[in-house]
Each structure stands twice: as C-alpha cells, then as structure tokens.
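Single-structure report; data block below.
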Amino acid sequence: MNKKIINPEDATNIVKNSILKRRSKDSRLKLFGRVAIGLAVCFLLFLFYSIFTKGYPGFFQYYVTLDINFDRERIDPKGDLSDNSLFDGDASTIVNESLFSVVEPKGRKEKKLAKKIVSSGKDVRIAKMVKDDPSLFGTVTQVKFALDDDIDSFLRGYIKRETPESERRINDKVIGFIDKLNEEGRISYEFSDYILSGSASGNPEMAGIKGAFIGSILTLSVCLLIAFPLGVATAVYLEEIAKKNRITEIIEVNINNLAAVPSVVFGIMGLAIFISIFGMPRSIPLVGGMVLALMTLPTIIISSRAAIRAVPPSVRDAAYGIGASKLQVIFHHVIPLAMPGMLTGTIIGMAQALGETAPLLMIGMVAFIVDIPNSVLDPGTVLPVQIFMWADFAERMFIQKTSAAIIVLLGFLISMNALAVYLRKKLERRW
Amino acid sequence: MLGYNRAKGLVNLNQKNLHSLTHYYGIFCLLSALLPTLGVFFIFTICDDLVFAELVKEYIPNEVINSKDYNFTIVLAQINNSVEGLVFGTPPQWVTNAAEIWKSWVIKSNILTMIVCAITILTSGFLSYKKIHSEFRSRNAVEKIVMTILGVSSVIAILTTIAIIFSVVFESIRFFALIPYDEFLFGTVWNPQFEGAERAGSGQEGLSQYGAIPLFAGTFLISIIALCVSVPIGLLSAIYLSEYASSKERAFFKPLLEVLAGIPTVVYGFFAALTVAPFLRSSGSMLGLDIASESALAAGLVMGIMIIPFISSLSDDVINAVPQSLRDAGYGLGSTKNETVMKIVLPAALPGVVASIILAVSRAVGETMIVVMAAGLAANLTANPLEAVTTVTSQIVTILVGDQEFESAKTLSAFALALTLIIITLGMNFYALHVVKKYREQYE
Amino acid sequence: MENKHILSSFDDDLKKLNDNLLKLGNGALNNFDNCINNFGTQELDEIEKVINGDLILDDLDDKVQKIGFEIIALRAPQAADLRRIIVALKIATIFERIGDYSRNISNRTKLLIELNYSDLPGVNIGKMGQKTLTMMEDVIESYVNEDDKLAVKVRNSDVKIDKMHTQYYLEIVASMQRNKKLAPTGAHLLFIAKNIERVADYVTDIAEQVYFLVNGKVLSDLRPKADESSLIIPE
Amino acid sequence: MENKHILSSFDDDLKKLNDNLLKLGNGALNNFDNCINNFGTQELDEIEKVINGDLILDDLDDKVQKIGFEIIALRAPQAADLRRIIVALKIATIFERIGDYSRNISNRTKLLIELNYSDLPGVNIGKMGQKTLTMMEDVIESYVNEDDKLAVKVRNSDVKIDKMHTQYYLEIVASMQRNKKLAPTGAHLLFIAKNIERVADYVTDIAEQVYFLVNGKVLSDLRPKADESSLIIPE
Amino acid sequence: MNSKKNDLKSLELTVGDVFSKNARLKARNVNVFYGENKAIDNVTIDIGSKEVISFIGPSGCGKSTFLRCFNRMNDTIDSCVIQGEITIDEENIYDKKIDVVPLRARIGMVFQKPNPFPKSIYDNVAYGPRIHGLSDNKEHLDNIVEEALKRAGLWKEVSDRLSSPGTGLSGGQQQRLCIARAIAVSPEVILMDEPCSALDPIATAKIEELIHELGNEYSIVIVTHSMQQAARVSKRTAYFHLGKLIEVGKTKEIFTSPKHNQTEAYISGKIG
Amino acid sequence: MNSKKNDLKSLELTVGDVFSKNARLKARNVNVFYGENKAIDNVTIDIGSKEVISFIGPSGCGKSTFLRCFNRMNDTIDSCVIQGEITIDEENIYDKKIDVVPLRARIGMVFQKPNPFPKSIYDNVAYGPRIHGLSDNKEHLDNIVEEALKRAGLWKEVSDRLSSPGTGLSGGQQQRLCIARAIAVSPEVILMDEPCSALDPIATAKIEELIHELGNEYSIVIVTHSMQQAARVSKRTAYFHLGKLIEVGKTKEIFTSPKHNQTEAYISGKIG
Ligand SMILES: Nc1ncnc2c1ncn2[C@@H]1O[C@H](COP(=O)(O)OP(=O)(O)OP(=O)(O)O)[C@@H](O)[C@H]1O
Ligand SMILES: Nc1ncnc2c1ncn2[C@@H]1O[C@H](COP(=O)(O)OP(=O)(O)OP(=O)(O)O)[C@@H](O)[C@H]1O
Ligand SMILES: [Mg+2]
Ligand SMILES: [Mg+2]
Ligand SMILES: O=P([O-])([O-])[O-]
C-alpha cells in the first residue's frame, strides 16, 4: 500500500526540494504580467500625450488687432442690419484699409499679399459684431481678427524664416508685414473663438467643430430614441416571454451575428436601403442615426439580456409564487433590477456610435457642409467624420485642429462614460 | 381614464367580482384606443404621398410626358421641391401649379387624418369601454397587447439582417454579372477604374481589374500584426489583473485599459497616420530599412493596441468568472499561483479566452478607419509589413465615399467585398460560439 | 428545563412526558400510601380502591413509554433532554412496579383481614411502610427538584428498611414456628414485608436515576445493602 | 438487520449492543439454569458460582444501558433501529433482574441445604424451574430470530407457571400448617417458588418486547394471569 | 372515503392512508413528465385543512416537482406536462377556466433559498396585497403588513426598520420575511420547498417553530431533505421514491414503525 | 501535559481536555482578526494523530476561520491577521521560514461545495502529485491515482471512466473525488469545512462513512453545522461560541453529558 501512495514524510521532502524552482517560475509570470500592463498603459499614455500636445495648440490661434472705423454707411448701406444689407456692405475693405494703415504695403501686389494676412472671415466677423451691438456704429474700435493659417504656422515656427523664400509658403514681404504688426504689439496668441463655434471651413483658421458637434448630438439622439426602446423590448421579449424554440433561436443567432458584422457593412446597408431604396436624402442625421441605431442594437440587446439574465431566478420565483402575472414580474422586478446593466450597455453602445466613422462615410455624412444643422433632416456631419476629413487636409494647421477636435470628442466620450458610471452607481441600490 | 372610472364604478358595485386591478382597465382602454389610431395615422401619412404622386400625374402636361427624357421621378422631385419652397431657377408654370394643388391636398389630408384618427380613437375607446364588466379579464388582455408589442420589436433584428443580406447580396449578384466570381476571388490584381472610362468604351476596360486576393492578404497581414501585439499583452495583463494584482491595482488598471477600447477608431487612425507611421519611417531609415509612409506595420501596431482591451478585459472577466472554489482547491493542494493560473484557471477559462481572441480578430478584420487612414490604398500583394497594403474595408470606403452610380462595376465591387467580409466575420463568430459551446458541454 | 427550546413543541412534548410521569409517580405514591394505611385501618372499600387503581397506573406507564419513545424518534433529543427521557422511561416502569406491589399488598391485606390478623410481636408493617413512604416522597421530590443530594440521601436510607425487613422476617418465621396456625397469616406477612422492602429498593433505583439525570453519570459507589432475609436462617 | 446501514460504524455500534445483550441474556439463562439445577443437585460450589456470577450480569446490564444510551445520543436511530435499542435497554434490565432472582434462589438453596431440605409433598421446584427455563430459552430464541409467534407462544405459556405457583404456594403453606418446624424451610421455599414465578413473568415481559420489536406495536390483548397466591387463603 | 376510491390505480402502490377527512387539496392519479421522462408516477394524496404534511425521499424522487404542481409553478417550465387531477376545495386547478394568478395567491410558496425582493422589508410584504388589490388605503396596508410580520414572528425584530432593505437581513430572517410575504395575501395553503436547507441550525429551529405555529391556521406542505425536520414539524409524512408515493402516514408512525420496507430503509439510513 | 500548560490563559476559558497525548497539530493561544474584528479569541487545542475531531458551533462563531488557520488558507484574505502559535510536529507553521506550498501539501483541505477541477477524473487526482513532482513515471502516477480513488471509495464507481470529466459526477461523488485529490498528495492532516452541507442525506452518509474509514490513517478536522454529523463521525468534538472554544471532549460525552451550559444549550436546541 505504501508503495503506491508515497508516505507523507517522503512527500514532504520531495515538495520541499522542488519549491525554489516553482517559486521562481511564479515570480516570472508575475513580472511578465506587470510588463504587459506597463506596455499597454505606456501606449495609452503616449497616445494621449501625442494627441494632447498636438491638440492643445489647436484651441489657440494668432490674432491681429486692428482699429476699425464702424462706418454705418459702408457696413450697413440699407441701414436695417438685414443680412442682405450687411452682405452688400463693404466691411472687408474697411478692415483692409485699417491693416494697410499699419503695414503700409506698396503697390497692388503688396496690397494683395497684405490682404491675405487677415483671414477671409473678417467681414462676417464685423457683421456679427454690429448685429450684436449696433451702438458700435460710428465708433472706432479695436477689433481682433484671425490671421491666415500660413501666417499662423509661421508665427508658431513651423514655417522657418531660414528656409529659402522659394520653398516657403509665405514670402519675405509678408514676413516683413508681420514683423511690423508684431512691433506694434498688434499680434496676439489667444484662445480661438472659431474652434468651438465655427463649422466646417476650407480655411483652417476659421474651421470649427460646432456643426459636427451638433450633428453628432442629433445623430446620437436619433440613434438613442430608436435603439434603446427597441433593444430593451427585444431583450425582454427574448429572455422573459418567448418560448425557446426555432424562431427565438434564429433571432438569437441573428443578434449575435449582427454584433459581429463590421460597421462598414451597416453603412453599406444604410446606403442601399435608406438612401437608394427609400430615397432619403444623403448626409442627414436621421439616416445616420438609424444606421447607427441598427449597429448599436445588438450591443444593447446583448447587454440588456445579460442584465436580465443576471436577475436571480429566485426573484422571479418569488414573484410568481405570490401570484404576480408575467407582465408584473417583468415590470415590477426584472426591468428595475436589470436597469443599471441595460443603461450601461446602452451608454456603451452610444459611445461606440459616437465614435463611429465608417458607416457614416458611406451615407454621405462626409460631405462638406458649412451650415450648422437645425434638425435631423438638415444635412450635417459628425465629430469623428469631421476629424477624418480634417486629418486628410494638407494644411498644417488642420493637424492641430484635428487633434483639438479629438480632444473634444474624447471629452464627450469620457463624460458619457462618467455618466454611465454615475447612473450605474445611482441605480445600483441592489441591497 | 374612462375605463379606470368605470372599473371603479364596478368596484363600488361589487368589489369581489372584479377580475383585475382597476388600473388595468384604464390601461386596457388607453391601449385599445391608441393603438388602432396610431396604425391609422401611419397608414395615412405613408399613403398620402403615394396617392398624391398618382394624382399629380394628371397635372403634368402631356407634352412633358411625351417628351423623350421624361422621368417621373425627376418630375416628382421637382414638384416636391417646389412644395417645400425650394426653388431652383424658374420652374415651368405647370410645376408651380401642381405644387399648389399638392399643397392643398396636404392640408386636406391632414384634416382628414385628424378626423379619421379622432373617429378611430372614439370608436375603439368606446368599444373597449363597453367591454369592461366585472368578468372581463383586462389584465390578460393588456398583457397580450404588451407582449405582442415586445415580440414585434424583436423581429427588427431579423429585419435588419434581412436588409443587410438583401442589400449586399443583390448588389453583389449584379457585380458578379459584370465580373466573373473567379476573377474576383482568385485574381491577384485589384485595380478598379473610373466607370466613365468603362462606359465610354474607350478601349481601356482592360485596365479595370477586380482580383480581391491582395485585399484579403492585406487584411490578413494587418490582423496578424495586430494579434501579435495584442494577444500577449492582453492575455498577460488579464492574468496579472485577475490573479496577481491587489484589488486596488485591479480597480485602477482595468478601467484604464478599457479606455483603449473606448477611443474612437478614427482617433487611432489619426494617431497611426500622423505619429506612428512617421516614427516608424524615421526609425526605419535610421536602421537602413525603407518603410513606406503608409505601412501595414503602422496600421497593424495601432490596431493591436486598439484591441488589447478586447482581449484583456474579456479574458479578465472570464478568468474572474472561474469560481473561487477552484482556486481554493488549487491552493488547498499546495499549488503556487503560477500553477493555479496556468493549470486550473486558464484551462477552465479557455473557451472564454478563445472567444475573446476571436472577437478581437473579427474586430481587426472589420476595422476600417485605421487602415483607411494609415495602411494606404495601394493594393499590394505582399507579406512585407513595411510596405503599404490595403484592406477590404478600406477599399469599400474608398469606393463608396462620395456620389456613386449604382450601375458601375466599381461601385458594385464594394458590395461584393462587403459580402465576403460578412461571410468571413460571421464564420469567425460562429466558430467562436462553437468553441465556447463545446468546452461548456465538456465541463458542465 | 431552565431555558426553553427554540422548538416550543419539543418543550410541549417534554412537558407532556413529565406530567404523565408525575401523575404516575403520585399515583403510585398514593396507592402505596393507601395500602400501607389500609393495612392499619383495615377498611375494605379503601383496599379495593387501591387494587382497582393499579390499572390506571399501568395505563400511565404505557403512556409514558409511548411518549418517551416518540420523543426519541421524532426529536432526536441530546444530552440532558435525552437523559430526562431515558430516566423517565425507567422511573415509569418502576412506579408501575410499585403500583403492582401496592396492589399485591392490598390483596394480601384483604386476606389478612379475613384471617383476623393482628400484629405479630416485633413486627410493625405500618412503621416499615411509613418509612418507605417517606423515602418515596423524598425521591419524587428529588426528581422534581433535580436534587441529587436528596436522592443520594434517600438511597442511603434504604439500608434501614433492609435491616427492618430482615428483622421482621425473622420475627414472622419465629411466630410461625411457635404457632403453626399462623402459617397462612405468616406467609402473607412475609410477602407483604418483602414487597415493602422491594418498594424501598425501587425507590433507591429511582434515586440513582435522579442522580444520573442531574449529573450525567452513574452513581457508581456500591450501595450499602442490608437485606439479609435470604441469607439468614431464622432460629 | 437484514440490510446494512450506509454508516458501517452504526452497524458496529448496534452489533456491540446486541452482542452484549445476548451475552447478558445467555449469562442470565445460564445462571438461572444452574440455580435450578443446583436446587436439585445441592452442590455448594456450583451455587457459589451462580451467586458470584451475578456481578458479571450487573456489569453487562450497565454496559448495555450505556451503549444503548450512547447510540441514541450519537446516531438518532429511527424506526426499527430505535425499537431495537429501546427494547434492548428494557430486556437488559430484565435479564439483570432474572440474574438477581437466580442469586436469591441460590442463596436460599444454600440455606435449605443447611436445613436439610428435601422436597415437600406436592411441591416440585425443579419442574417449575425447568418449565420456566424452557420459556426463557424460547424467548431468547424468539429475540434472536425476531420470531414474534414464538414470543407470543412463550407469553401464553406463563399461565402454566402461574398455576403451578399457586398450587405450590398452597402446598407449602399446608405443609407448614401441618408441621411448625417446617416454617423456615417453608418460608424459603415460598420465596423460591415466588421468585421462579417472577422470572416467568419477566420472560413474558421479554416476549412482549420481542413482539413490539418485530411489529412496532404493543401486544395489547390482556395476558392471561393465573397466579392467585396473593388472592387465596390456604386452607 | 368516496366511491372514487376504487378507481384509483395508485392506491395499489401506496401504503398507508392517503385520504384525509377534511381535505383541502386533493391530488388524484397525478403523473408529471419532463419531456419523455416521468418524474411523478400516479400519485394520489389528500392534503388536509390546517395540517402540516411533509414530503421526504431521496434526491430526485420528485418531491419538488409534485409540490410545484399544487400552485402550477411547473407552468413556467416548458417541457413539463401534468396529467391527472388536482383540486382545491373541489375545483380542478388545471381547469382551463382557472387563472393561475389568483390561484397562486391562494396557494403561497416559500422557496429553498430565501428570496426577498431587493426592496424594503415593508414593500416585500406589501407587494402581494398591492398587486392583488387587497387593500385600497395605506392604513389598511400597514395593518396587513404588520399582521403578516407578526405571524411570521419577525415583527419584533424589524418593526423599527421596515424601510430598510429586506436583503440586509440574516438568512433566517429573510426566510421568515418570505413567509410573511406569502402570508400577507391570506393564502389557504403554503407550500415550502426545503425552506431551511440554506440555513444554520438555529435559524432552522426558528423556522420550524414558526411552521409549527402556522400549522394551526394554514395547510402547510413542506418538502425536506432532513428526516429529522419532517419528524419535528409535521403531523403527516409522505415518502416518495423514484416518483412514486411509497407511504403516507402519521409522522409518529412513519418514524417509529413504518410499514413499507423502503420507507424503513430510507428512514434508518440504509438506502444507497 | 507539559510545563507550558500553566501559561495558557485560554485554559481558563475552555472546559474539557484540550490536550491530546499524541498531538499532531497544536494551536496555542490563537487569535484571529479580520481587521478590527476578532474572529477567534485565544484558542488552545491539540489535534491528535489519526483522530477525527469535529468543530461545531453557531453560525459565525469562527469554526471555518480557525480551521483555515491550520493550512494558512487565511493568507489569501488580506485583512486577516493571526496571532499565537500553531505547530505541526513541533514546527510553527506561521514561521517566516515556512513556505505555504509544502505546508498545504501536508495539510489537505476539502471544501464546503464540491469543487472538482473541470478536467478528467484522472487529471483531478493526478494534479497534486504532478505539481509536487511526487511521481516521475506514468505508471507510478497511475498507481497513486488508483490508490487515492480506492481510499476515497470511488474507484469502483469510476474506474471505467477515468477520462470523463470530474464535473460530470454527482454531488456526492464529486466530493469524494475532492477527497481523493487531497489524499493523492499524501497529506498527514485533512481539513474539511462542512463537506456535506451541499449534499443530500444519502450522499452525506457515504461521505461520513468515508471519513470514518479515513480516520484510521489521517488526522481529520471537520467543521460541521450538523450536530448529528459531529456525533456520528468524530471521536472528539470542540464547541465554539463567538470565537471562543467553549468545550472540547469526547464526542460521546459532549452529546450525553456536556459540561458547559452553553454546549448543553446549543446541543439540545435551546440557543436563540
Ligand atoms: N426542469 C426540469 N427539466 C427536466 N427534468 C427535471 C426538471 N426538474 C426536475 N427534473 C427531473 O425530475 C426528477 C424529479 O426532480 P425533483 O426536483 O422534483 O426531485 P426532488 O425530489 O425535489 O429532488 P431534490 O431533493 O434533489 O430537490 C429528477 O429526476 C429530475 O432530474
Ligand atoms: N473574509 C472575511 N472578512 C471579514 N470578516 C470575516 C471574513 N470571514 C469571516 N469573517 C467573520 O469572522 C467571523 C467568523 O466567521 P467564520 O466563517 O469563521 O464562521 P463559521 O463559524 O465558519 O460560520 P459558518 O458556520 O456560518 O460557516 C464571522 O463574524 C464573520 O463575519
Ligand atoms: Mg427538490
Ligand atoms: Mg464556516
Ligand atoms: O419487581 P421485582 O419482581 O423485580 O421485584
């Protein structure tokens, strides 16, 4: 008998002899684990660092301060502050004159160069100012104007003075003008008022994310309104009501498969169904939201089902046992208990939708749209698509703008996740 | 409300005999009044445009109908634009007229809808109100209605799938009508061309080639690179987090890693294109390697980072789901942590781990933005990670972004690509589920 | 039984057992008391009562046995509870036996009355009976109060009864030797005396059970015994 | 005990209980057998053996009581197991008591030998003893084989012993009436006969316990009784 | 007891008296199948009014299955098919006309693991009366809750924290809360499926004490693995084996002198 | 029994004989804290060699905590602090020099819920010998596995399906498998924490039978909620209350005539 099972003393000795080796194996695995986590965290930090360092300057830009003579006649010829009247006005000339008075360009050519220093949105800016405050008329006020993106890049040092003029995007003359402005202390580096309030623009110095931001919110609202009720209802139906038979099995497999379908495909479907067959307009948040809703639906359904399944069967038994009907069990017990999980799943799905780009490219939300959408039927774009577009633009300044937009997007995402955590904490009075 | 009151009334008459709670009668009335009305409303709103479209034909002058390039859709669009006040140039008088008449119809139909709705709401409300008596099982009726609503919504999932399959398959069939499928599946050159050239029959058709092999090779290459990055890091992190880390460490690092999953792919794409690729290129040139500015390596690396949390978080979850009792058993027998993890916990969690990896793979295969932005568009058939490659998804995007005509082979090729993509990812999904199921059967 | 069981029905069962046991005990005590008294007073009616009363005791014993058995079966009693039940079963048997002896004594008393019995010289059945009765009262008290000291005292006083019995035995046989007509009377007296001695023995058995009940161990030191009636040849 | 308990130690315990009980039973049977035999053969050595052997029986009884008590405490026996134990406890007490009677008879036999006793006319203690002995053998057999029919038979045969005892009682008293010298001898003979009658009574008690063990219910019909020694005045 | 008696095939199988003078629930020739698998085989038994009856038997013998037939909890299992007749006060509970909801209010159930709702103690008890509309004002509801908690022997322990969560109680208290919840809808019968198996001996004893008390007012059917428990709490005991009802009888008799060999073997620990 | 005896404060507390002639495990003045909360209060006890000792007491009295001190399973709980001395064969197991791994190989453990690894039956039993390198060839390992299964009384039932999963066995078989797994590494002591609480009475009886047999070869410490179980399987019994060791003694004595009032009250169902 003792031959078969080693006797305890021998066993103890054997174990003691091999223990060092086993221990060192153990510490090795631990070390590897640490290194892996360290690497992952480093990646993350590096990514954030690089985005942030690139994006931070994107919130700022160079301005030039000019003395503007608010001459009503010239700015608002009809005198009624209407768009037409302001459009007919001659605000840009006034700005240019003011600029010329400082940098004193000589000749047409130089004047032309000088005009370009100030971003082309100057007239709009003046129009906006007088609209907001008509009392400006008749005064001479100092007004800040964004500088052209090349000048901006130059001031930031991306375009070097040392580079030969021929390889530079701005010539020596312009540099001279800038120096002059600088001497007079008219150039300042400030928080950009375009990045948050502007919308898409070919001029990087005037490009902003407001349009995309609003577009994102509209799209997301559509997505939420469709996906959440549908998702929860489906989950409840599948988990609580449906008999387990062929049909529910098919539905189940379907949902799992939908979750695995790459997002581009949803875009293709949106393109083919909503736009091509139903003839809905392109680029509108409604279609985007619907596509995203279909895409997030599986996420919501799956997490809701998991949440419902996590509700202990004993609670259902208890309720049935006391004579609650199926619907009462569902609405009194299952849904309230599963709500935190459902909400978390939904918010995660929404976050996914918020960051999603590819399917929206398919349905044309990539179009260049200057107007800020007012409703889900107005064409618009969304933040990630905006980022995608900007990332493609050649202008140096767009890199910063892109990064800045990314920061905003991430901020948006983080607050959504924070909301998820908060909601879960608040609802999770599971006792 | 009425139903509630009536029920209340009945309660007063005879409490005991009432079958269900009073508010069920109220809800029943509400539902049975509202649902038909909603149905009617939808039918009206959907139908009126169609009806009007038929009716408006009368107002289109014959000469227009008879003209050569008559297209009812375009004409209808013109009229619609005019109705909505969008005026491009000066439309013909008859269009304006038609629009005017259309407008009047809209008003009439709105009024009609309102009236019909009101009637439905009243009749069905009244009928249901009539139904209320003490024996009526309103709770059961309400439950049936609500359950039907829930059931219908679960059908949406199927509809979506059908929609996807229809949209993709039909267009693919059209594509394969133009391009033989063996060329698509086995061709080694991917070079879709402008349809304009094709159509013109300018003898340049030969330039257009739809061999998908390079795309799949690129997809494969990038996925492999991504997995090489993410599997070891993800798995080891998961093991460390679930077995070695203190609860504080775990509470700190796990969400931190999950942040990686929450970052939108377009951000990764941007990062890959503007930070990683240049970095690789410069460090490559320092080593004397020629790395393309858009390389598979850059895209793969970044994608690998992106899918780390899919592996680490999911694996961590499944590892944690391994019951503590198994660990206790291991420690109770005198296992070290290493032995407990490697010989007990991991094998037990294997199906979940495998599933998480497969999920990560299908993510990688379906991932679009990173490759669009960082891997390039050159359909190279290469195994060299330092060159630019393209992937299925990025081709789909490139082809379909912008306005396109649905007749051209180039546009349609995107659908064929999508079809193959779906088949591949679904295959992986099925396989993952199968693996999980198999293990579960074995050990439960 | 200071504190209660969580299961009150267990307490109920135990109470039922105890009540019946005490009823049995008191019944036996009563019967024995009466039969001793009747021996002096020679009232036939009273004697009949004792004889008939014994059936009740038999029933009570059966009841106690049944209840005890069921409690053991249904409640799996432990420690003190179990001792209480086992002891109750044993004591009940003893009380029943004492009842039998009382009836037997009464039967014989009846015959003695017919034989016109009057006390033999040196034989005082009444006194012996009274002493035994006191012992019995004490032992019941010791059981009720779970007073093991009293029980031990009772047990030790048995020796007096034994001595008394030996003495009476010799006296009775002596009387019979003197007067052969006394043979029937003497035979009955012999048995009556013996019976009382046996009752006292049983009382000491009860005392030992009480000791076991209270202390959970058997009273092990040998009991002093002094009944020598089977060891002595009367002169 | 046809099939085994899952817990073999429970079976072990039960076996221990049973073994000791049978040892006790056989011891008591043996002692009684001897004391009856010795009454005829009058061999003093043998008689002493019986007297001393009783201590062993007392110990065995204590042991059975202890084992039974512990089994009840530790194993919470149910149904047949429980009946077996309770019955064992009761039977053990009876065997012990039979042992006592054997000793008592032996003591008295010793005295009778000193008194040069020879059988009185009409009195055959040996026969009565043998009959009782047979009953006792049967009852032990009925216990071992769980044979309730045999047990009932044994119980019903007690009536013969009772009749015999009544008869012997009358004969002995009659002899004493005839010859006053016979008083001491007669007294002892009376007790010996009574003792044997008591043993037979106890045997019927055992038989009733066996019946209960086998059938789980008490043998309820009234037992025929025929001992009238306390009811009859010898002429 | 009635003329039907002779029709019952099952009677040949079951030892002891399955009938009860004042029966509240009557099961007649009940068979239960899970798909192909027969879990209950031709069982006939009465549950008397205001009696505590326990079902015992080896694991998997169908005790729980049979118990759950009485309030149709088996309806929730798709594969489960029930044949035969079960009546409460002469009304067949498997009749098409019968709505399970009021039925379950009449026949309360307490489960193996204490399963209070994750709500306050008050709401746990008030839930039943609310959904069944047993009370229309707060005061009345308060009274119902108080009374139910009192009957469940929990009032003293929780009266000062009715609004604290029911899940915060100890296991034994939770189980008593569940009993109070069942009582609150004034059932006639309470079914209990191993109500103490998740509790320690002291909590178990308290529940048993409670069952003993409630036995004076309700019919209680209790499934238990513990023979001792059956012995302690019930007046009648039914022994099941492989889906068959082997023996029914007074608890005292079952535990001192069972009639069927299998009962004997199970009770004295010999099966296996 | 030794001169230390008088130093032990705890002896004032505990009734009965805590010492054992041939002690294998000795606990001296052991205190266990979970953070601030004292779970074990100054307990001194010997575990004899080849004896079965059971720990009983109301829920939360610290039985499990104390049991887990013996193989340092409490190390896995961060907040748990242990004072005092526990020795196995005169070696302090809480000594810094001691590595828990060989210690746990010497002191096996069986848990409340059967927890076989999700591997084959063979691999379950072979796991311990493999990790500890107790056998270097397949044949020897086969022998160890067979022998362990035999000792655990499982060999007959599983010998023809050693490669089927251990989780496919019934609850009772799983628990015996866990015992076989513990035996396979040749422990000296086996700790069992309520090993039968998840099992039905028949499976329980089988495990008890097994414990009874194993008691001839191993020292076994068993924590149980069931007094009856303690009574059935163990030679000695220790009664804990609120972290204190109230009474130790022979099982027979504890269950027939305990010395301490609290023991008596607990055993006869009076606490609460
Ligand atoms: N939902 C189910 N589906 C299929 N078979 C089932 C189901 N529930 C129980 N069974 C089977 O029916 C039989 C009886 O089960 P049941 O749960 O009633 O036994 P039980 O006596 O309550 O056992 P336990 O004491 O273990 O609770 C068993 O063989 C079991 O496997
Ligand atoms: N991990 C832990 N952290 C904090 N306190 C604990 C922990 N484990 C147990 N305790 C506390 O220590 C005390 C003793 O617990 P332990 O589990 O040892 O009791 P037990 O006697 O085994 O009870 P049971 O019979 O319910 O298993 C209890 O008060 C418990 O609340
Ligand atoms: Mg069950
Ligand atoms: Mg514990
Ligand atoms: O009651 P006894 O015949 O044994 O004295």
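Sequence lines set the chain letters: A, B, ... in the order given, protein chains first and strands last, and positions in each chain run from 1.
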Inset, instruction - Look at atom NZ of K153(D) and say whether more than 12 heavy atoms of other residues, nucleotides or ligands are closer to it than 6.0 Å. - result: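 Counting other residues, nucleotides and ligands, NZ of K153(D) stays at 12 neighbours or fewer.
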Inset, instruction - Tell me, yes or no, whether the heavy-atom count around I56(D) atom CD1, taken from other residues, nucleotides or ligands under 6.0 Å, exceeds 12. - result: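 Atom CD1 in I56(D) is not packed in, count stays at 12 or less.
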Inset, instruction - Please state whether the side chain, the backbone, both or neither of E253(E) comes within less than 4.5 Å of a heavy atom of chain D. - result: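 For E253(E), no heavy atom lies under 4.5 Å from chain D.
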Inset, instruction - Please flag which part of S268(E) lies under 4.5 Å from any non-hydrogen atom of chain D: side chain, backbone, both or neither. - result: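 Both the backbone and the side chain of S268(E) come within 4.5 Å of chain D.
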Inset, instruction - Give every residue pair that meets the side-chain hydrogen bond (donor to acceptor under 3.5 Å, both in side chains) criterion with at least one member in residues 230-243 of chain E, sequence neighbours excluded. - result: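 Checked against side-chain hydrogen bond (donor to acceptor under 3.5 Å, both in side chains) - neighbours excluded - the pairs reaching residues 230-243 of chain E are E51(E)-R236(E), S54(E)-S234(E), S54(E)-T237(E), E208(E)-R232(E), S234(E)-T237(E), S234(E)-T251(E), T237(E)-T251(E), Y239(E)-H241(E).
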Inset, instruction - Measure across Q78(D) and I267(E) and return the closest heavy-atom pair with its distance rounded to 0.1 Å. - result: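 Smallest interatomic distance, heavy atoms only, reads CB-CG2, 3.3 Å.
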Inset, instruction - With sequence neighbours excluded, tell me which residues meet ring-ring contact (aromatic ring centres under 6.0 Å, His included) with Y211(D). - result: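 Checked Y211(D) against ring-ring contact (aromatic ring centres under 6.0 Å, His included); zero matches.
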Legend entry - K270(E) side chain reached by L7(D) side chain, heavy atoms, under 4.5 Å: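 Heavy-atom side-chain distance check fails, nothing below 4.5 Å.
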Legend entry - Heavy-atom side-chain contact between K217(D) and S257(E) under 4.5 Å: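 In short, these two side chains do not touch, never coming nearer than 4.5 Å.
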Inset, instruction - Report the option among G216(D), A76(D), P77(D) that has the most heavy-atom pairs separated by less than 4.5 Å from atoms of chain E. - result: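 Top option by heavy-atom pairs under 4.5 Å: G216(D).
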Inset, instruction - For E217(E), enumerate each residue passing the side-chain hydrogen bond (donor to acceptor under 3.5 Å, both in side chains) test, keeping only those at least two apart in sequence or located in another chain. - result: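 Once residues adjacent in sequence are excluded, the partners of E217(E) under the side-chain hydrogen bond (donor to acceptor under 3.5 Å, both in side chains) criterion are R151(E).
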Legend entry - E264(E) side chain vs A79(D) backbone, donor-acceptor pair below 3.5 Å: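 No; zero donor-acceptor contacts below 3.5 Å.
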Inset, instruction - Report, by ascending residue number, the residues of residues 125-139 of chain D in heavy-atom contact with chain E at a distance under 4.5 Å; give 'none' if the set is empty. - result: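 Hits under 4.5 Å: none found.
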